[in-house]
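Take a look at the structure below.
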Amino acid sequence: MADDNGTGPDTDAYCAPGTAPAGDGPAAAGGPPFAECVLCREPTEYPESHKGVTLCPVCAWQEAQRTACSG
């Protein structure tokens with residue numbers, strides 16, 4: 001359990017929004033050039049040659065939430 005002053009071992013478990021550690025994500029792994037997300041322009045896990053709508057994992061999850069609740 002973390003200390004009250006925020007110096008416990010669990011303080012590194014989460015990153016502040018927009019401050020992902022360097023080296024995370026598909027583009028940092030190298031390999032083929034990755035397609036951009038059509039909503040937020042972040043790199044996706046699909047190559048640039050992928051046909052159709054390409055969404056990053058975050059936008060894909062949010063889109064699934066919207067369509068599941070639109071019933």
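Basis for what follows: all heavy atoms, side chains included, without hydrogens, waters or symmetry-related copies. Remember, it's a predicted structure, so these values are computed and weren't measured experimentally.
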* Transitive ILVMFWY side-chain link L39 to V53, under 4.5 Å -> yes
* Structure fact -> Between Y46 and L55 the two heavy atoms that sit nearest each other are CE1-O, 4.0 Å
* **Shortest non-hydrogen contact between P43 and C56, atoms and distance** => O-CB, 4.1 Å
* When you measure from the side chain of T54 to the backbone N and O of E36, does any donor-acceptor pair fall under 3.5 Å? -> yes
* Asked: Can you list the residues that meet the side chain to side chain donor-acceptor pair (under 3.5 Å) rule with Q62, with sequence neighbours excluded?
  -> none
* Listed by chain and number, what are the side-chain contact (heavy atoms from CB on, under 4.5 Å) partners of P47, not counting sequence neighbours? -> S49, H50
* Residue pairs, two or more places apart or on separate chains, that pass salt bridge (Lys or Arg N to Asp or Glu O under 4.0 Å) and touch residues 50-64 -> E63-R66
